Amino acid sequence: MTREIGSCRNEFPSLQRQLNGRSVVYLDGPAGTQVPISVIEAISNYYKTSNANSHGQFATADETDELLEQVRGKVAAFLGATDGSTISYGQNMTTLCYSLAKAIGRICKPGDQILITEMDHEANRGPWLSLKEFGVELIEVKMTPDGVLDYGDFASKISSKTKLVALGYASNLTGTINDVHLIRKLTKEVGAYLMIDAVHFAPHYSIDVQAIDCDFLICSAYKFYGPHVGLLYSKPGLLDRLPTDHLITQEHDAPYKIETGTLNHAAITGVGAAIDFLASFGEGSELSNQLEDAFQKITRHEFNLGKRLHDGLADIEGVMITGLPFNEMNRTPTVSFYHPKVKAEKMCKLLGEKGIFAWDGHFYAQRAVEVLGLLEKGGVTRLGVSLYTTEEEIDYTISKIKGILN
């Protein structure tokens, strides 16, 4: 039996927290969402009942092995992949991206090019920039002043020398959703790999890696109501061909060959529970169908609240909002703004005192903030809608921002 999106707030223990007699407003979701009790209990129960290392000849080790494979299957359903053999675990997105970049670097030759963008989070820039030591040339694609990828600049820079394109599915600063299907078409024309950072996109929209036909996609469970675990999708057969770092005792085939050391089994249990939590809002005979249906509801709910937030801020004199206005499903429900009267750090401190939790600065999208001319001004204030956000919280936040600026 499915549930309405608004019915889940009592499942988040953290949402019961109060400050000065009022419930806290969590608009910090783009940096990590709150966690429902079902996820917390799944992690706790693993420690209570099945805590063991993998590949042992006894019950708890067997249960751990089975659990790891079950969750791979759930992540595959979450990302629209064929099966769990395409899913690798990591400490976080950044660590996985560095491991992947190093492996890609070993198959590059001097003069090969990798395209990155001004828009992206540093976790999808820094690992690729490190390949300069292999003689790889890094080409940067521009961002337009309204926070959109410059597709003309992209088309002019991709070439037969391009080995890989590293692209964010959506900007964690502007909320802009990139046209990954167009980028895939252009990368195919030159025979380049496509690596997508879906960390910011995954909590808000359904993902179908087979429809995109990307080579790699990375996301992080702590952005979609789970614990800190990085997740890597690799196209079937591709990871097997890459010279990843791994011990001789590690399994040398996909998806294991990029997983170094003992995994965080309890946290991975929580990843599966987070996906089950999201699926509980949808209908269907299979997990993938449930997730697809659930995200139709989640996307609409969050988009409407994001638009309410954007439009409310846009009505405040002097507020400059980064990114596009809200049109039909053209962006994530994350809104960043700047006001010359109050720097972002002070704005967030004052909001925090009123029980509104928001982030200031560049959020590791440092290059994008720099290009917008806001880095030296202290960056922006970022507010993010999650599925537990309410209209009342949005209206309260807007009223308090007006009060601070007045």
Side-chain angles (χ1 to χ4, degrees), residues 25-33 92-94 116-126 129 140-150 168-178 197 199-201 203-204 220 222-223 306 309-310 312-326 331-386 389 394 397-398 400-406:
V25 179
Y26 291 93
L27 296 178
D28 60 336
T33 54
N92 48 52
M93 180 272 182
T94 307
I116 58 175
T117 84
E118 292 180 339
M119 291 179 63
D120 274 287
H121 190 288
E122 280 303 308
N124 199 26
R125 286 171 48 89
L129 287 167
E140 188 178 66
V141 178
K142 293 180 181 179
M143 179 183 73
T144 66
D146 56 358
V148 176
L149 187 68
D150 188 331
Y169 209 143
S171 166
N172 73 322
L173 172 74
T174 65
T176 304
I177 297 173
N178 288 321
D197 166 14
V199 171
H200 185 67
F201 185 87
H204 307 297
S220 298
Y222 78 102
K223 299 297 177 75
L309 174 61
H310 176 278
L313 290 171
D315 284 340
I316 303 175
E317 185 178 357
V319 166
M320 186 189 89
I321 301 174
T322 65
L324 300 170
F326 279 68
R331 52 169 297 159
T332 66
T334 296
V335 182
S336 299
F337 71 93
Y338 166 80
H339 195 285
K341 186 176 178 181
V342 181
K343 284 192 172 183
E345 182 179 14
K346 184 177 180 182
M347 173 64 74
C348 288
K349 181 175 176 57
L350 294 172
L351 288 174
E353 291 171 354
K354 301 176 188 304
I356 301 167
F357 295 173
W359 280 99
D360 66 277
H362 56 67
F363 333 112
Y364 300 97
Q366 181 171 313
R367 180 65 173 136
V369 176
E370 181 183 33
V371 168
L372 292 172
L374 297 174
L375 189 61
E376 67 277 10
K377 297 177 181 178
V380 297
T381 298
R382 183 179 67 178
L383 307 169
V385 170
S386 302
T389 307
I394 297 298
T397 300
I398 292 169
K400 294 305 175 186
I401 292 172
K402 285 181 179 178
I404 290 169
L405 293 175
N406 290 331

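None of the values given here were measured: they were computed from a predicted structure.
- Minimum heavy-atom separation, Thr332 to Ser171: OG1-O, 4.4 Å.
- No donor-acceptor pair under 3.5 Å is formed between the side chain of Ser336 and the backbone N or O of Thr322.
- For the pair Gly318 and Pro340, the tightest heavy-atom approach, listed with the atom from each and the gap, is O-CD, 3.6 Å.
- Note: Asp197 CG to Asn178 CG = 10.5 Å, rounded to the nearest 0.5 Å.
- For Pro333 against Gly306, the heavy-atom pair with the smallest separation is CB-CA, 4.1 Å.
- Put simply, the side chain of Leu313 reaches to within 4.5 Å of the side chain of Ile401, judged on heavy atoms.
- When atom types are taken as modelled, the side chain of Lys142 and the backbone of Asp150 share no donor-acceptor pair closer than 3.5 angstrom.
- Note that CD of Glu345 and NZ of Lys343 are 8.5 Å apart. Values are rounded to the nearest 0.5 Å.
- Put simply, CD1 on Ile356 and CD1 on Ile394 are 9.5 Å apart, with the number rounded to the nearest 0.5 Å.
- Residues Val148 and Leu324 are in side-chain contact: their nearest non-hydrogen atoms beyond the backbone lie under 4.5 Å apart.
- Between the side chain of Asp120 and the backbone N or O of Gly168, at least one donor-acceptor pair lies under 3.5 Å.
- Minimum heavy-atom separation, Leu173 to Ala365: CB-CB, 4.1 Å.
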Just do the side chain to side chain contact (heavy atoms under 4.5 Å, CB included) check on Met143 and Thr117 with the steps written out, would you? CA-CA 7 Å; Met143 179 183 73; Thr117 84; over 6 Å; no

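- In this pair, Tyr26 and Phe357 present their aromatic rings perpendicular. The plane angle is above 60°, beyond the 30 to 60° band.
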Run the numbers on Glu122 and His362 for side chain to side chain contact (heavy atoms under 4.5 Å, CB included), then give the verdict. CA-CA 10 Å; Glu122 280 303 308; His362 56 67; over 6 Å; no

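- A pairwise comparison of heavy atoms in Val319 and His339 identifies N-CD2, 3.6 Å as the closest pair.
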Before giving the answer on side chain to side chain contact (heavy atoms under 4.5 Å, CB included), spell out for Arg367 and Ile116 the whole-Å C-alpha distance, their side-chain angles and the decisive distance to 0.1 Å. CA-CA 11 Å; Arg367 180 65 173 136; Ile116 58 175; over 6 Å; no

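- Atom CD1 of Ile177 sits about 9.0 Å away from atom NE2 of His204, to the nearest 0.5 Å.
- In the displayed structure, Glu370 atom CD is contacted under 6.0 Å by more than 12 heavy atoms of other residues, nucleotides or ligands.
- Atom CD of Glu317 sits in a sparse spot, with 12 or fewer heavy atoms from other residues, nucleotides or ligands closer than 6.0 Å.
- Interatomic distance, CG of Leu309 versus CG of Leu27, reported as 7.0 Å (0.5 Å rounding).
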Discussion item. Applying side chain to side chain contact (heavy atoms under 4.5 Å, CB included) to Asp360 and Lys346, what does each step give before you reach the verdict?
Written reply: CA-CA 9 Å; Asp360 66 277; Lys346 184 177 180 182; over 6 Å; no

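- The nearest pair of heavy atoms linking Lys223 to Gly32 is CD-N, 3.7 Å.
- Looking at Arg331, its side chain never comes within 3.5 Å of a backbone N or O of Pro325 through a donor-acceptor pair.
- Within a 6.0 Å radius of CZ in Phe326, other residues, nucleotides and ligands contribute more than 12 heavy atoms.
- One distance of note links CG of Leu351 with NZ of Lys400; it measures 10.5 Å at 0.5 Å rounding.
- A distance-only check finds a donor-acceptor pair linking the side chain of Thr33 to the backbone of Tyr222 [under 3.5 Å].
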